[in-house]
Structure formats: structure tokens, C-alpha cells
Amino acid sequence: MAKNFYITTPIYYPSGKPHMGHAYSSIIADIFARFKRMEGYNVMFLTGTDEHGQKIQKEAEKNNKDPKLFCDELSETFRSLTKILKLTNNDFIRTTETRHNKSVKEIWKRLVKSGDIYLDKYSGWYSVSDEAYYDDDEIEEKEGKKISKISGSLVEWVEEESYFFKLSAFQKKLLDHYNKNQEFILPKSRRNEVIKFVEKGLKDLSISRTSFSWGITVPENKKHVIYVWLDALTNYLSAINFPNIDDEKYKLFWPADIHIIGKDILRFHAIYWPAFLLAANLPLPKKVFGHGWILSDDKKMSKSLGNILDPIEIIRDYGIDQLRYYLIKEVSLGNDGSISMENLKNCINNDLANNYGNLCQRVFAFIKKNCDNKIPKKVDLKESDILLIQNLKNSIPKLIGFINKQNLNEYIRIVVNFSFEANKYFNDSEPWAFKNKDRNRMNAILHTIVEHIKNISILLYPIIPISTKKVLNTIHISDKDILIENIKKDNFLNCKTELKSLDILFKKIENDN
RNA sequence: GGCGAGGUAGCUCAGUUGGUUAGAGCACAGGACUCAUAAGCCUGGGGUCGGCGGUUCGAAUCCGCCCCUCGCUACCA
């Protein structure tokens with residue numbers, strides 16, 4: 001069986017600066033990517049920016065800039081976000097790159113060849129100020145003028161020549177696919193939404209625009225640019241060297257194992273994307289996971305409420321591992337979750353500082369004082385010592401299962417529980433009581449607890465990579481040895497070399513109200 | 001309006017095919033200890049499981065009605 005794994009984030013539309021939603025999608029994907037590598041998979045983890053479309057073109061014009069140069073700047077802020085979030089993406093794709101342009105044009109040609117594209121007219125009530133089309137029943141007449149019921153703005157009847165994709169022809173094929181692949185759309189509630197939506201029937205999709213030019217042009221008609229979503233979604237293929245399907249990367253990684261997305265773009269990934277691929281006669285990705293939104297104190301973040309939480313500020317104030325941990329521990333993946341300073345503080349202090357951080361500190365300090373700063377050799381383990389280690393080892397298949405089902409909450413709950421247990425074990429075993437009367441017993445306890453810390457740290461590594469690396473480096477485990485495999489190995493600890501010093505891992509957050 | 005999900009301790013949630021005193025974490029209160037970031041450990045209080053009615057020896061769990069909350073309801077991305 002090939003041990004390859006392809007995971008993606010959405011490519012982000014850089015019309016504004018990066019926000020918590022971008023950070024959240026990226027962090028989730030990074031955790032899976034890191035875990036899979038730790039499991040021994042050859043992982044391709046992709047992120048990037050989606051740069052075409054009317055909005056960007058207008059923004060660029062407003063700023064008096066060439067759209068490409070404008071995008072270069074915007075894209076860079078997203079590229080720097082990957083560094084701030086400590087993402088381990090293997091590539092960063094931009095839809096303005098040549099490799100992507102080639103790939104989109106090939107997809108277009110395939111859709112033309114399969115007969116799923118036709119030229120027609122798109123017409124409807126259009127509001128210039130809203131940049132949106134409205135249906136007949138969304139329009140009312142007031143003082144002889146047609147306006148939108150929703151926004152109240154003026155609408156005019158417009159007709160625009162457009163290429164259409166025969167989405168309506170894919171209803172049955174899509175439903176069949178959802179049915180045969182129960183896990184194609186997750187979580188289940190999202191899957192139901194999509195199925196209900198598709199069951200109601202699908203309209204053909206307008207997939208070209210003539211009202212602006214910032215995009216990839218339709219190969220056979222220079223007046224048209226390709227609809228941004230057909231353009232954007234194709235990035236997942238461009239990055240692995242499509243259209244060269246004999247390319248090594250393409251062969252290893254397509255179909256993608258999972259697209260991580262926010263619930264707001266579910267339809268594009270769960271309906272349009274598979275339909276495009278079916279039409280292009282390409283295999284479909286295995287899974288689309290739509291996560292929820294991060295709210296601020298239970299409210300949607302907005303400028304008017306003044307409750308916007310900037311991930312970059314939070315990271316600056318509290319740290320990247322702290323944010324990563326919080327988002328995974330406190331937010332139920334798939335549901336909306338809220339971030340509050342109170343919960344963030346509790347989470348950092350309890351789980352990270354007092355629990356895992358202090359555990360490492362108390363153990364390493366004890367070893368420094370009483371064991372010449374070296375991990376004692378494994379000798380004369382008692383039942384309770386063996387049990388502690390064995391319980392964790394036994395849980396590994398279950399933990400891998402949780403990751404494969406995107407159940408990060410259950411995963412982290414179990415791993416953190418090992419850390420609670422470790423503190424209890426250390427308390428109950430009282431190594432300090434054996435300092436003068438039974439060195440052997442003391443050494444057995446210390447060896448066991450360090451072994452346990454090693455294992456917990458490996459399991460926590462995908463979530464809090466920076467801190468766990470520090471801990472593992474303290475006990476001379478190098479980055480390349482951070483593997484699930486090394487939890488199973490006995491006698492993996494280096495008992496000959498003095499431990500490196502470890503600074504406080506997580507500073508506690510003081511009350512400042 | 002239509003379709004869907006859900007209402008369990010102050011907060012976030014677990015509760016398998018109905019079966020003994022309804023669970024966890026956080027928050028709160030008390031206790032013994034000291035290796036450690038005044039950390040960790042132990043103990044405890046607190047719930048008419050949205051409301052009413054029904055099926056049953058027995059319902060948070062099944063059925064009916066009602067109340068409330070949230071999501072989706074097609075071309076900005």
C-alpha cells in the first residue's frame with residue numbers, strides 16, 4: 001500500500017488581511033499533515049492564494065496598481081502567515097502562476113471536449129452597488145423603479161454572454177457518489193445539507209465572465225475570463241503538476257486525501273468541484289471536511305462590534321502553540337466555536353502551563369538535582385510503572401483512528417489525559433521519598449516518567465510543535481525521531497548524556513482585570 | 001415559508017440497542033503534601049436531563065403535541 005497523503009487548505013482570497021478563519025483552516029490541516037508524517041506517510045500539504053476576480057481587479061485599480069503587482073503584495077502577507085503559524089506546507093500556490101494557468105486551461109479544454117460547456121446568455125436583475133444578481137421574487141417595484149427587496153438598491157436588467165457548465169446533468173452522478181462514499185463530505189450534518197441541496201435539482205452554472213478581465217482567459221474566446229471558482233479549485237491539481245498526468249507528483253498524490261475547508265465554501269468543494277472533475281474524467285478527492293467558524297465571545301467577528309480577534313496579535317501576545325492548542329482543544333471541529341480571552345487564559349494556564357509544562361519542569365529539575373542530570377537506566381520496573389507506559393502504547397491504534405476520522409477533539413482529550421495521569425503517577429510514586437532509602441526505586445520511577453513524557457510529547461507534537469520539540473530536544477530526541485514508531489520502541493531513551501536545560505515552556509497568563 | 005440539527009450541572013460537552021444513586025473538563029469550596037511555573041494530588045457541593053402528555057415493571061434515551069436556539073435555502077469569494 002502506498003503511504004502517500006495529500007492534504008490541502010483552501011487557497012485564500014487576499015482581498016483583506018488574514019483573519020482567524022484562515023488561521024484555523026491552516027492549523028487544522030497542518031496538524032493532520034504533521035501527524036501523517038509522524039506516522040510515516042509521504043505527505044503533500046498545500047496552501048496558497050486565489051488571486052483572480054472582479055474584487056481584486058477593482059481593489060488594484062483603486063490603489064492605482066497593476067493587478068499582478070498588487071497580488072504579489074497581498075499574497076506575501078498570506079505566505080508570511082504560514083511562517084507565523086509554523087505550517088509545514090510543502091508548497092504555496094498562487095492562481096497567477098504559469099503552472100496554474102496551464103492547468104486551468106487544460107481543465108477547460110477537457111470540459112469542452114466532454115460536451116459539458118456551451119455558450120449562452122446570462123441574464124438577470126443586477127445591482128451594481130451590491131455586485132449581485134437577484135431573482136424575480138427578490139425584486140420589487142417602488143416609484144416606478146426596480147429595487148432589491150434585500151438591500152433596497154437599484155437593479156437593472158442585464159444580459160451577458162456567458163459559457164455555461166452543464167451542472168444539471170450531474171445531479172444523479174453526484175448523489176450516487178455521496179451515497180457510495182459516505183465519508184466524502186464531513187461532518188455528517190454538512191453532508192446532509194449538500195445532499196438535500198442537490199436533491200432539489202441543479203441549475204447550470206455560468207462559468208465565464210466578460211464584465212472584467214482579471215482572470216484566466218477562455219482559450220477559444222479572449223473576451224471571456226474563466227469563472228473564479230473553476231479557476232480556484234483547479235489549484236489542487238496545478239500544484240501536483242497537472243496536466244502532466246505522467247508526472248511523479250501527480251501519480252503519487254491524486255486523488256487528494258482530504259480538502260480542509262470552512263463551511264462557507266462547502267458547496268464549491270462538495271458540488272461544483274466533483275462535478276468539474278467528473279466532467280474532466282479525473283478521479284475525485286476522497287474527502288471534503290467543512291469546519292465551523294470561530295466566533296468571538298459567541299458573536300460573529302465584525303468591525304462594527306469591535307470584537308475582531310487577530311490571530312497574529314494573539315500569537316504575538318500568547319504564542320503560536322497556545323493558539324493552536326486552544327483552537328483544537330476548545331472548539332469542536334465541525335461546529336462553530338467561540339474564542340474568549342477568559343477561556344484562552346484558562347486553557348493555557350491549566351492544560352499547558354500547570355499540567356504539561358510543569359510536569360516536564362518538575363521531572364527534569366528532579367533529575368538535575370538527584371541524578372547528575374542524566375535519565376536513570378531502566379531497572380526493576382514495578383507493575384504500576386509498566387502499566388503507565390503500556391496504557392499509552394495500547395491506545396495508539398485508537399488515536400490513529402481518531403485522526404483518520406478527523407476527530408481531533410477526542411484525540412487531544414485522550415492525550416491530555418495521559419498528561420494528567422503522569423502528574424498523578426509522579427505524586428503517588430513519591431520519588432523524593434526514595435532519595436535516601438532506595439535509589440533503585442527512585443530511578444525506576446524517573447525512567448518511567450521520562451519515557452511517558454517522551455510519548456506524550458510525540459503525540460502532542462502535531463498540535464504544539466514548538467514546545468514539544470523543546471522537550472524532546474532536552475532529552476536528546478532529534479526532530480527526525482519524532483515518530484509514532486518511536487513510542488513503541490523500548491530503550492529509546494539516551495541515559496548517557498546530560499539533559500539539556502529547559503526554560504519555562506508556557507508562561508502563565510496573569511489576571512489583568 | 002421549506003429542509004435539517006439541537007435543547008443534559010454556572011460554562012463547554014459525553015451519555016452505546018430504554019435498566020441500578022445521570023458523567024467528564026473548566027469554574028467554585030475544603031483537606032493533606034512539597035519534586036515543580038503557590039504547580040500537582042485528594043474530597044465535596046451543584047442537574048424536576050426544554051415543557052406537557054403517552055407507551056413501559058422501568059425513559060435523558062421510544063411516540064405525540066408545544067416552546068426555544070442554530071444551520072442550509074445557487075453564481076461576492
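A:Leu352 has its CG atom 14 Å from the C1' atom of B:G25, to the nearest Å. Separating the CZ atom of A:Phe366 from the P atom of B:U34 is a distance of 13 Å, rounded to the nearest angstrom. Between A:Ile453 atom CD1 and B:C35 atom C1' there is a gap of 12 Å when expressed in whole angstrom units. As a whole-Å value, the separation of A:Glu59 CD from B:C76 P is 17 Å. Between the P atom of B:G25 and the CZ atom of A:Phe418 lies a distance of 16 Å, rounded to the nearest Å. Rounded to a whole Å, the CG atom of A:Asp503 is 17 Å from the P atom of B:A36. The interatomic distance linking A:Asn235 (CG) with B:A77 (C1') rounds to 14 Å, in whole Å.
Residue contacts shown for A:Leu202 include a base, since a base heavy atom lies under 4.0 Å away. Counting non-hydrogen atoms under 4.0 angstrom, A:Tyr122 reaches a base of the nucleic acid. No engagement by A:Leu359 is indicated, since no non-hydrogen atom pair under 4.0 Å with the nucleic acid exists. A:Arg413 comes within 4.0 angstrom of no nucleic acid atom, judged by non-hydrogen atoms across all strands. Across all strands, A:Lys424 comes closer than 4.0 Å only to sugar-phosphate atoms, never to a base (heavy-atom distances). Base contact: A:Gly357 has a heavy atom under 4.0 Å from a base atom. Within the nucleic acid shown, A:Gly201 comes within 4.0 Å of at least one base atom, counting heavy atoms only. At a threshold of 4.0 angstrom between heavy atoms, the contacts of A:Tyr13 are confined to the sugar-phosphate backbone, with no base atom among them. In this structure, A:Asn409 reaches neither bases nor backbone, as no heavy-atom distance under 4.0 Å exists between it and the strands shown.
Considering only side-chain atoms of A:Arg267, the nucleotide from B:C76, B:A74, B:A36 that sits closest is B:A74. Closest to the side chain of A:Ile504, from the set B:G40, B:U37, B:C75, is B:U37. Taking only side-chain atoms of A:Lys329, from C-beta outward, the nucleotide of B:G25, B:A77, B:C35 with the closest atom is B:G25. Checking B:A77, B:A36, B:G40 against every side-chain atom of A:Asp50, the shortest atom distance belongs to B:A77. Residue A:Tyr227 has its side chain nearest to B:A77 when only B:A39, B:C35, B:A77 are considered. In this structure, the nucleotide among B:A36, B:A77, B:C75 sitting nearest to the side chain of A:Ser206 is B:C75. Residue A:Leu167 has its side chain nearest to B:A74 when only B:A74, B:C35, B:A77 are considered.
Taking all atoms of both residues into account, the shortest heavy-atom contact from A:Ile93 to A:Ser238 is CD1-CB, 3.6 Å. Taking every heavy atom of both residues into account, A:Tyr13 and A:Asp50 meet most closely at CD1-O, 3.1 Å. Taking each heavy atom of A:Ala280 and A:Ile107 in turn, the nearest pair found is CB-CD1, 4.2 Å. Of all heavy-atom pairs between A:Leu344 and A:Gln322, the closest is CD1-O, 4.3 Å.
Put simply, A:Lys263 has no side-chain N or O that comes within less than 4.0 Å of OP1 or OP2 on B:C72. Remark: A:Lys369 is in phosphate contact with B:A36, judged by side-chain N or O atoms under 4.0 Å from OP1 or OP2. Between A:Asn358 and B:G40 there is no side-chain polar atom (N or O) within less than 4.0 angstrom of OP1 or OP2.
For the P atom pair drawn from B:G6 and B:G64, the interatomic distance equals 15 Å after rounding to whole Å. Annotation: B:C68 and B:C26 have their P atoms spaced 36 Å apart (nearest Å). The separation of B:C49 from B:U8, taken at their C1' atoms, amounts to 4 Å, rounded to a whole angstrom. Taking atom P in both B:U69 and B:G25, one finds a spacing of 32 Å when rounded to whole Å. Between the P atoms of B:G47 and B:G10, the separation comes to 8 Å (whole Å). A distance of about 48 Å separates the C1' atoms of B:G31 and B:G71, rounded to the whole Å. Straight-line distance between the C1' atoms of B:C28 and B:A60: roughly 26 Å, to the nearest whole Å. The P atoms of B:G1 and B:C57 are separated by 40 Å, rounded to the nearest whole Å.
Remark: A:Lys287 pairs with A:Glu183 by the salt bridge (charged side-chain N to carboxylate O under 4.0 Å, His left out) rule, at least two apart or across chains. Not counting sequence neighbours, the partners of A:Lys62 by the side chain to side chain donor-acceptor pair (under 3.5 Å) test are A:Glu59. Remark: A:His447 pairs with no residue by the ring pair (Phe, Tyr, Trp, His ring centres under 6.0 Å) rule, at least two apart or across chains. Every residue two or more places apart in sequence or in another chain was checked for a salt bridge (charged side-chain N to carboxylate O under 4.0 Å, His left out) with A:Asp116, and none qualifies. Scanning for salt bridge (charged side-chain N to carboxylate O under 4.0 Å, His left out) contacts around A:Arg191 gives an empty result, with sequence neighbours left out. A:Glu498 is linked by a salt bridge (charged side-chain N to carboxylate O under 4.0 Å, His left out) to nothing, counting only residues two or more places apart in sequence or in another chain. With sequence neighbours excluded, the residues forming a ring pair (Phe, Tyr, Trp, His ring centres under 6.0 Å) with A:Phe276 are A:Phe165, listed by chain and number.
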At a cut-off of 3.5 Å, list every protein nitrogen or oxygen paired with a nitrogen or oxygen from nucleotides 26-29 of chain B, distance to 0.1 Å.
residue: B:C26; atom: O3'; partner: A:Asn350; partner atom: ND2; Å: 2.9
residue: B:A27; atom: OP1; partner: A:Asn350; partner atom: ND2; Å: 3.3

Under a 3.5 Å cutoff on both atom distances, Watson-Crick or G-U, what's the dot-bracket for RNA chain B ([ ] crossing, | other strand)? (((((((..((((.....[...)))).((((.........)))).....(((((..]....))))))))))))....
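For the pair A:Asn354 and A:Gln361, both in contact range of RNA chain B, the more 5′-proximal nearest nucleotide belongs to A:Gln361. Of the two residues contacting RNA chain B, namely A:Lys203 and A:Lys435, the nearest-nucleotide position lying further toward the 5' end is that of A:Lys435.
Evaluation of the salt bridge (Lys or Arg N to Asp or Glu O under 4.0 Å) test over residues 413-437 of chain A, restricted to residues two or more places apart or in two chains, returns A:Glu410-A:Arg413, A:Lys424-A:Asp428. Judged as a salt bridge (Lys or Arg N to Asp or Glu O under 4.0 Å), the pairs with a partner in residues 320-331 of chain A (not counting sequence neighbours) are, in order, A:Asp30-A:Arg324, A:Lys329-A:Asp351.
Once the 5.5 Å centre distance and the 30° plane angle are applied, the aromatic ring of A:Trp432 is found stacked with the base of B:C35.
Counting only heavy atoms from C-beta outward, the side chains of A:Phe92 and A:Ser75 approach each other to under 4.5 Å.
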Sugar-phosphate or base contact per nucleotide [nucleotides 2-9 of chain B; S, B, -; heavy atom under 4.0 Å]: -S------
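Results of the ring-ring contact (aromatic ring centres under 6.0 Å, His included) test with A:His224 over A:Phe164, A:Tyr163, A:Tyr122 single out A:Tyr163 as the only residue that passes.
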